[in-house]
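These notes are about the structure you will find just below.
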Amino acid sequence: MISKVSPGIQDAVAGIEDGSTVMIGGFGRAGQPVELIDALIEQGATGLTVVNNNAGNGDTGIAALIGAGRVRKVVCSFPRQVDSHVFDAKYRAGEIELELVPQGNLAERIRAAGSGIGAFYTPTGVGTLVAEGKETRTIDGREYLLEYPLRADYALVSAFKADRWGNLIYRKTARNFGPLMAAAAATTIVQVDEVVELGALDPEAVVTPGIFVNRVVAVGERPWLHDGEFVGTEKVA
Amino acid sequence: MISKVSPGIQDAVAGIEDGSTVMIGGFGRAGQPVELIDALIEQGATGLTVVNNNAGNGDTGIAALIGAGRVRKVVCSFPRQVDSHVFDAKYRAGEIELELVPQGNLAERIRAAGSGIGAFYTPTGVGTLVAEGKETRTIDGREYLLEYPLRADYALVSAFKADRWGNLIYRKTARNFGPLMAAAAATTIVQVDEVVELGALDPEAVVTPGIFVNRVVAVGERPWLHDGEFVGTEKVA
Amino acid sequence: MTGIDREALAARIARDIPEGAYVNLGIGAPTLIANYLPDDLEIILHTENGMLGMGPKPEAGRIDPDLINAGKQPVTELPGAAYFHHADSFGMMRGGHLDVCVLGAFQVSERGDLANWHTGAPDAIPAVGGAMDLAIGAKDVYVMTDLVTRDGTAKIVAECTYPVTGVRCVSRIYTDLAVFDVTPDGLAVTDVFGDTTLDELRTITGLTLLDRTP
Amino acid sequence: MTGIDREALAARIARDIPEGAYVNLGIGAPTLIANYLPDDLEIILHTENGMLGMGPKPEAGRIDPDLINAGKQPVTELPGAAYFHHADSFGMMRGGHLDVCVLGAFQVSERGDLANWHTGAPDAIPAVGGAMDLAIGAKDVYVMTDLVTRDGTAKIVAECTYPVTGVRCVSRIYTDLAVFDVTPDGLAVTDVFGDTTLDELRTITGLTLLDRTP
């Protein structure tokens with residue numbers, strides 16, 4: 001019987017080596033796998049390259065990982081936010097490297113890695129600073145940049161529910177980068193609210209098929225749900 | 001109020017011009033929009049370039065369109081089947097042009113058109129006859145071919161259910177090329193079993209968002225369902 | 001010289017968006033436009049973090065942290081909504097499926113180059129997000145901005161001096177003083193607000209401006 | 001010289017597929033392998049027209065024309081199945097996510113080049129389908145074939161004379177007479193069936209063959 005379910009969260013993050021490239025899902029805090037990141041901090045891996053849309057918010061999640069000094073480099077589209085003080089300080093102190101990638105090119109580079117595309121031509125960024133040093137080509141009268149796949153050793157993803165084969169569904173805009181990163185990493189580790197019986201997920205509605213998932217860990221219901229009903233909160237997490 | 005619902009099937013196919021490139025969904029007969037194709041035959045457009053995985057089965061659907069002499073060229077991955085006698089005869093008589101594209105490159109070229117990718121490097125077909133005349137490039141030690149987007153004037157797609165905004169869900173392996181073609185055509189025309197109330201489709205499970213759909217027409221329940229229950233048939237359609 | 005305030009400008013832009021349009025409203029002032037879209041018209045809002053059919057902000061206490069817009073503000077879901085991942089969402093933009101995108105600007109050139117992501121300040125931490133994708137990501141890219149900065153400099157210019165976000169991507173510029181269409185012959189003024197005159201606009205911008213006012 | 005029949009060969013290949021593997025069984029003889037996968041092991045079958053978790057053929061009268069495999073034969077859905085469109089399905093293959101793919105062959109070269117789509121006959125209508133994607137679309141590409149054609153020609157060759165489907169893509173060749181691993185040093189025989197000898201295999205193929213039999 002296949003079971004990708006890890007007994008505990010430390011089992012889920014076991015083996016992540018120093019110097020790994022780790023994709024971390026989420027757009028801001030939506031879909032950020034905070035419990036897995038906390039486990040990774042405890043696990044101790046350092047010298048990491050982190051791929052995420054942002055460079056951490058507040059003092060938790062990715063910000064905490066950066067604050068703990070475990071991140072050598074961030075690949076993201078939007079590091080500077082009102083609450084990105086942890087990254088900002090490290091960056092200004094020259095203690096962290098930044099590779100800036102426009103958001104859609106970031107998503108497409110991750111997709112290319114997962115789907116075996118060697119490189120692709122994108123119109124986004126043509127004529128801007130991010131095009132510097134990049135190959136360009138005019139196709140059908142429009143100019144494009146050549147972009148390469150972005151792969152990872154590990155992906156940490158937050159989904160809503162999983163089955164023991166690793167099939168995943170997400171919740172609302174927390175889906176964001178999860179399905180892409182799951183396919184682009186050698187080892188994909190997923191936290192979910194709940195692991196359901198095999199067959200309980202509608203095969204038409206599975207967003208990430210289990211083929212892209214290596215480990216699943218249940219972390220309990222998100223605080224804005226109660227027994228599966230949406231009850232809301234006063235603020236964004 | 002937005003309504004993309006066409007009152008009748010002839011309204012749905014109105015305006016398709018002679019010489020158009022028409023993508024037609026389906027893999028074999030699964031997901032082939034037979035009612036829309038019949039309407040197109042009646043509508044009369046000719047000199048068409050048809051993009052589909054195959055080149056027609058038996059004497060209905062795409063085979064009937066080819067048989068009626070309306071198709072100048074077929075772009076597909078697998079024209080030769082046990083029941084592709086209509087295409088076979090036209091091809092051997094030199095009355096129809098064929099562009100052969102490996103199935104995954106076909107899918108990815110259609111996806112590239114829908115998603116604004118100028119071109120992409122694929123490993124499929126390297127060193128084979130389909131690579132002849134194509135640019136190649138070695139990336140990270142692996143050889144790739146450069147492939148370009150495949151666009152269409154019209155897409156004819158068969159989905160399972162739609163709402164009046166054109167959001168679509170499909171049924172099982174009849175999904176195949178539908179979501180890709182819907183995004184790659186200037187005008188996308190969809191036949192569904194049923195048009196449901198706005199809000200009746202689960203937003204997490206919508207496969208083709210309405211932004212890719214221009215016209216929807218209901219053609220009634222597929223014969224292997226009865227009041228929404230699967231009852232089966234004796235053979236593949 | 002008088003113009004209109006930001007709310008009135010948002011209302012003005014809202015009037016130009018037809019029923020059935022798929023629209024992305026950029027972070028900042030453009031989000032105000034949503035408040036002026038007529039209730040009896042269906043206009044479908046896209047948020048690039050992965051949703052079509054975005055609704056207004058939730059009632060107090062009903063915030064869903066899984067349901068946010070590109071500005072990371074809580075939003076709601078309308079009947080007919082759909083969720084998708086980032087590659088599909090940005091493919092939707094890059095593939096030219098959105099009808100209208102409205103963005104803020106630091107500068108816009110008379111050819112339609114847009115600068116809105118980076119002031120070029122040497123100590124700034126660069127952050128682009130979806131700006132460059134949005135700039136090329138709609139059939140029509142509209143800019144919503146004051147014509148003049150607080151220190152009196154025109155934001156519509158012959159050439160952008162700030163790093164650009166996209167090249168020849170803007171089709172129309174809505175400002176507090178006038179509306180400009182970007183045309184192959186140069187900028188054309190289609191509306192003036194308050195008592196603003198074309199000559200004043202020419203003086204402010206230093207540009208040749210075509211008169212296409214009604 | 002005796003070997004094993006096609007059913008026995010399918011059973012032999014099935015034994016090499018571990019629990020938890022994601023497997024694509026090509027059209028034709030490889031589909032027989034599904035019948036020999038042990039019921040107590042979970043092995044997940046992929047069909048490139050858009051499904052993981054494919055089950056056996058349906059009972060009489062319960063055919064679902066919306067649920068077919070790549071050979072366009074009716075199949076069923078197992079608990080844990082998932083559907084996806086063609087770009088996702090072929091991305092899954094091209095991206096190297098499948099563990100095993102088993103294909104038929106016209107010819108395989110000693111370096112692992114595969115020819116299985118086109119005999120090169122001048123009057124043939126070319127049809128490739130997913131063959132070229134499958135050839136490069138798994139961590140291990142296995143070939144299942146008779147070693148010798150009906151007219152006595154070996155299908156394992158120094159160089160393919162038929163048009164190739166993929167270059168250096170095959171990792172193992174299962175035939176009615178023996179199993180061959182494609183190694184950097186050449187072909188290695190790992191199993192012989194019936195009373196077949198290595199020298200007979202060398203005579204049939206005309207190739208240098210390494211002896212890695214147990």
Side-chain angles (χ1 to χ4, degrees), chain A residues 27-31 53-55 57 76-81 84 87-88 91-92 98 100-108 110-112 114 122-130 143 160 170-180 207-208 222-225 230-237, chain C residues 27 47-51 54 58-77 81 83-96 113-115 117-118 120 123-137 163-169:
Chain A
F27 175 81
R29 292 167 195 243
N53 188 63
N54 305 105
N57 305 74
C76 76
S77 84
F78 206 73
R80 187 192 63 225
Q81 301 179 86
S84 61
F87 172 83
D88 296 0
Y91 182 80
R92 291 192 193 286
L98 171 65
L100 191 77
V101 184
Q103 197 168 336
N105 289 354
L106 182 67
E108 192 69 10
I110 297 169
R111 184 206 175 257
T122 174
T124 300
V126 166
T128 76
L129 290 177
V130 304
E143 199 178 336
F160 183 37
Y170 298 81
R171 192 166 175 275
K172 304 192 185 282
T173 58
R175 185 184 303 193
N176 56 64
F177 284 91
L180 307 171
V207 173
T208 296
R222 41 200 85 189
W224 44 93
L225 302 181
F230 172 66
V231 295
T233 65
E234 293 297 328
K235 61 182 182 59
V236 171
Chain C
I27 297 174
T47 182
E48 65 265 32
N49 51 316
M51 183 187 196
M54 179 173 66
E59 293 164 36
R62 299 288 288 174
I63 286 173
D64 186 338
D66 292 330
L67 183 45
I68 60 173
N69 66 14
K72 305 192 176 89
Q73 300 305 307
V75 294
T76 51
E77 165 192 307
Y83 297 103
F84 28 83
H85 61 53
H86 257 68
D88 282 350
S89 186
F90 282 79
M92 207 174 273
M93 295 201 286
R94 200 191 300 113
D113 298 345
L114 172 66
W117 76 285
H118 196 317
D123 65 335
I125 299 177
V128 62
M132 291 182 183
D133 301 281
L134 286 161
I136 58 113
V164 298
T165 311
V167 176
R168 294 181 184 232
C169 55

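Labels below follow one simple rule: chain letters A, B, ... track the order of the sequence lines, proteins then strands, and each chain is numbered from 1. Because the structure is a prediction, the values reported are computed rather than measured.
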* Under 4.5 Å, counting heavy-atom pairs only, tell me which of C:Ser89, C:Ala124, C:Gly130 racks up the most with chain A. =>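 Of C:Ser89, C:Ala124, C:Gly130, C:Gly130 has the most heavy-atom pairs under 4.5 Å with chain A.
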
Would the distance check show the side chain of [X] and the main-chain N or O of [Y] forming a donor-acceptor pair, the cut-off being under 3.5 Å?
X        : Y        : answer
A:Thr173 : C:Asn49  : no
A:Arg111 : C:Ala87  : no
C:Arg62  : A:Glu234 : no
C:Arg94  : A:Pro123 : no

* C:Asn69 versus chain A, heavy atoms under 4.5 Å apart: side chain, backbone, both or neither? -> backbone

* Side chain, backbone, both or neither of C:Glu59 within contact of chain A (heavy atoms, under 4.5 Å) ->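 Neither part.
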
* Asked: Using 30° and 60° as the class limits, which term best fits the ring planes of C:His86 and A:Phe177: parallel, tilted or perpendicular?
  -> parallel

Any non-hydrogen side-chain atom of [X] less than 4.5 Å from a side-chain atom of [Y]?
X        : Y        : result
A:Phe230 : C:Asp64  : yes
C:Pro126 : A:Val130 : no
A:Thr233 : C:Pro65  : yes
A:Gln103 : C:Phe90  : yes

* Structure fact -> Sorted by chain and number, sequence neighbours left out, ring-ring contact (aromatic ring centres under 6.0 Å, His included) with A:Phe160 holds for none

* Asked: Are the ring centres of C:His85 and A:Tyr170 closer than 6.0 Å?
  ->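 C:His85 vs A:Tyr170: aromatic centres not under 6.0 Å.
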
* Asked: side-chain contact (heavy atoms from CB on, under 4.5 Å) between C:Thr165 and A:Thr128: does it pass, once the steps are laid out?
  -> CA-CA 6 Å; C:Thr165 311; A:Thr128 76; 5.7 Å; no

* Minimal non-hydrogen separation, C:Pro74 against A:Val236, with atom names -> CD-CG2, 3.5 Å

* Asked: side-chain contact (heavy atoms from CB on, under 4.5 Å) between A:Phe78 and C:Val128: does it pass, once the steps are laid out?
  -> CA-CA 6 Å; A:Phe78 206 73; C:Val128 62; 5.8 Å; no

* To do: Measure the CD1-NZ distance between C:Ile68 and A:Lys172 for me, rounded to the nearest 0.5 Å.
  =>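 Result: 13.5 Å between the selected atoms.
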
* Give a yes or no on whether a salt bridge exists between A:Arg175 and C:Asp66, defined as a side-chain N under 4.0 angstrom from a carboxylate O. =>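 A salt bridge is absent here (no side-chain N lies under 4.0 Å from a carboxylate O).
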
* Run the numbers on C:Val167 and A:Val126 for side-chain contact (heavy atoms from CB on, under 4.5 Å), then give the verdict. => CA-CA 7 Å; C:Val167 176; A:Val126 166; 5.5 Å; no

* Quick one: what part of A:Leu98 sits under 4.5 Å from any heavy atom of chain C, side chain, backbone, both or neither? ->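 The side chain, not the backbone.
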
